[in-house]
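Before any comments, here is the structure.
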Amino acid sequence: MIIVTGATGNLGRRIVERLLERLPADRVGVSVRDPRKAQDLADRGVRVRQGSFDDPASLVHAFEGAEQLLLVSLDRTGEECVTGHRAAIDAAVKAGVGRILYTSQMGASHDSRFQACRDHARTEDLLRATGLPWTALRNGFYAASALLFLEAARHTGDIAFPADGPVAWTGHDDLAEAAAAVLTDEGRFEGPTPPLTGPAALDFDAVAGTAAQATGRPFTRTVVPDDAFREQALAHGAPAPIADLMLSIFAAARNGEFADIDPTMAELIGREPATFRTLLGHAWAE
Ligand SMILES: NC(=O)c1ccc[n+]([C@@H]2O[C@H](COP(=O)([O-])OP(=O)(O)OC[C@H]3O[C@@H](n4cnc5c(N)ncnc54)[C@H](OP(=O)(O)O)[C@@H]3O)[C@@H](O)[C@H]2O)c1
């Protein structure tokens, strides 16, 4: 059985749907915080068990019988994040899981300027230390994150951010399909995969051009100094750690940490991954 955590979230849910196209439902299980949100999966024959990363005993039960377990990373940063991941990895070992897969991120490194990539590197170390077979899916930066950043600019037409660098923005649907392909071809990757990316790396200058093409409206790109951006974020009510986290994304992008593009995604999904233009067009059409 393949068990997926975070299966009521944006990525985990899509991964389960792609797995159900490839496997009978009784070979798929989910570990979710709130089983009521996965009732439709239970109705389709998927094994649904309650599992919280804050309750290790629940995870051991939820992971029981997993030949492969896909851990979807927590939406937390720093120690709180790594503690949750450690609890899940320990539970997987206790439950006798055969292989652990983990949604890491391209650029995962102890030296990254982006906190989340340092957390992913620490989690990959924990996986390595289990002695079990493991795979880290080095997911490209979510295009959905860029679209969240662009929400104000969508209306004002001005993309006002700190200096950045090219980022291989990647769609959730492609990442989910790639994860399902790796899960159903066990052992294809040992340890970290190559970066699983969209087809091009765009900085926000290029994004302004893409937004203009997609909408037929002009978009400008204004470079805001880091300090001023931080002040603006705080003034809009962002807590200081979130403002710093956002700044660290720009710093890492300037450092080229998300610039690589790689053919592995296209090989896994059997077609070219979605362009940022397509993803922006779909999102902004809604
Ligand atoms: N590659 C990138 O660019 C990038 C960007 C942003 C985030 N990420 C990472 O990718 C992950 C998945 O992305 P996503 O879009 O699917 O995010 P999401 O929709 O926020 O999903 C996060 C999932 O984690 C679950 N979760 C949170 N706390 C939990 C806990 N204590 N115990 C068990 N489950 C818990 C949530 O459960 P509920 O459904 O019950 O809420 C949800 O299903 C994120 O959590 C984050 O670590 C990657």
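Being a predicted model, the structure only gives us computed values, none of them experimental. When a ligand or atom number is given, it counts from 1 through the structure's own listing order.
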Would you mind telling me which of T8, L11, V30 makes a side chain to side chain contact (heavy atoms under 4.5 Å, CB included) with V16?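 Going through the options one by one, the only one that passes is V30.
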If you count the non-hydrogen atoms of other residues, nucleotides and ligands that lie under 6.0 Å from [atom1] in [X], is the total more than 12?
X    : atom1 : answer
H172 : NE2   : yes
D227 : CG    : no
H155 : NE2   : yes
R36  : CZ    : no

Can you sort out which atoms of ligand 1 are near [X], meaning under 4.0 Å from one of its heavy atoms?
X    : result
D54  : 31 (N)
K37  : 38 (P), 39 (O), 40 (O), 41 (O)
F141 : 3 (O)
Q105 : 1 (N), 2 (C), 3 (O)
V72  : 12 (C)
L11  : 14 (P), 16 (O)

Give a yes/no verdict on whether any heavy atom in [X] is under 4.0 Å from an atom of ligand 1.
X    : answer
R76  : yes
D34  : no
G51  : yes
G140 : yes
T103 : no

Mind listing the closest non-hydrogen atom pair of A163 and R221 along with its distance?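 Closest pair (atom of A163, atom of R221, distance): CA-NH2, 3.8 Å.
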Give the contacting part of [X] toward ligand 1: side chain, backbone, both or neither, where contact means a heavy-atom distance below 4.0 Å.
X    : answer
S73  : both
L74  : both
H172 : side chain

What residue and atom, counting heavy atoms only, is the protein's closest point to [atom], and at what distance?
atom                    : value
atom 21 (O) of ligand 1 : G9 CA, 3.7 Å
atom 39 (O) of ligand 1 : T8 OG1, 2.6 Å
atom 19 (O) of ligand 1 : N10 N, 2.9 Å
atom 41 (O) of ligand 1 : R33 NH2, 2.7 Å
atom 25 (C) of ligand 1 : G6 CA, 4.3 Å
atom 10 (O) of ligand 1 : Y142 OH, 2.8 Å
atom 27 (C) of ligand 1 : D75 OD1, 3.3 Å

The single option from Q105, H120, E257, R118 passing side-chain hydrogen bond (donor to acceptor under 3.5 Å, both in side chains) against S112: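 Of the listed residues Q105, H120, E257, R118, the side-chain hydrogen bond (donor to acceptor under 3.5 Å, both in side chains) partner of S112 is E257.
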Using the ring centroid of each side chain, check whether F114 and F250 are separated by less than 6.0 Å. no
I'd like to know if [X] and [Y] make a salt bridge, using a cut-off of under 4.0 Å between side-chain N and carboxylate O.
X    : Y    : result
E151 : R154 : yes
R49  : E64  : yes
D185 : R22  : no
D174 : R18  : no
D125 : R86  : no

S145-ligand 1 polar pair, N/O distance under 3.5 Å: no
Distance-only N or O hit between ligand 1 and F53, under 3.5 Å: yes
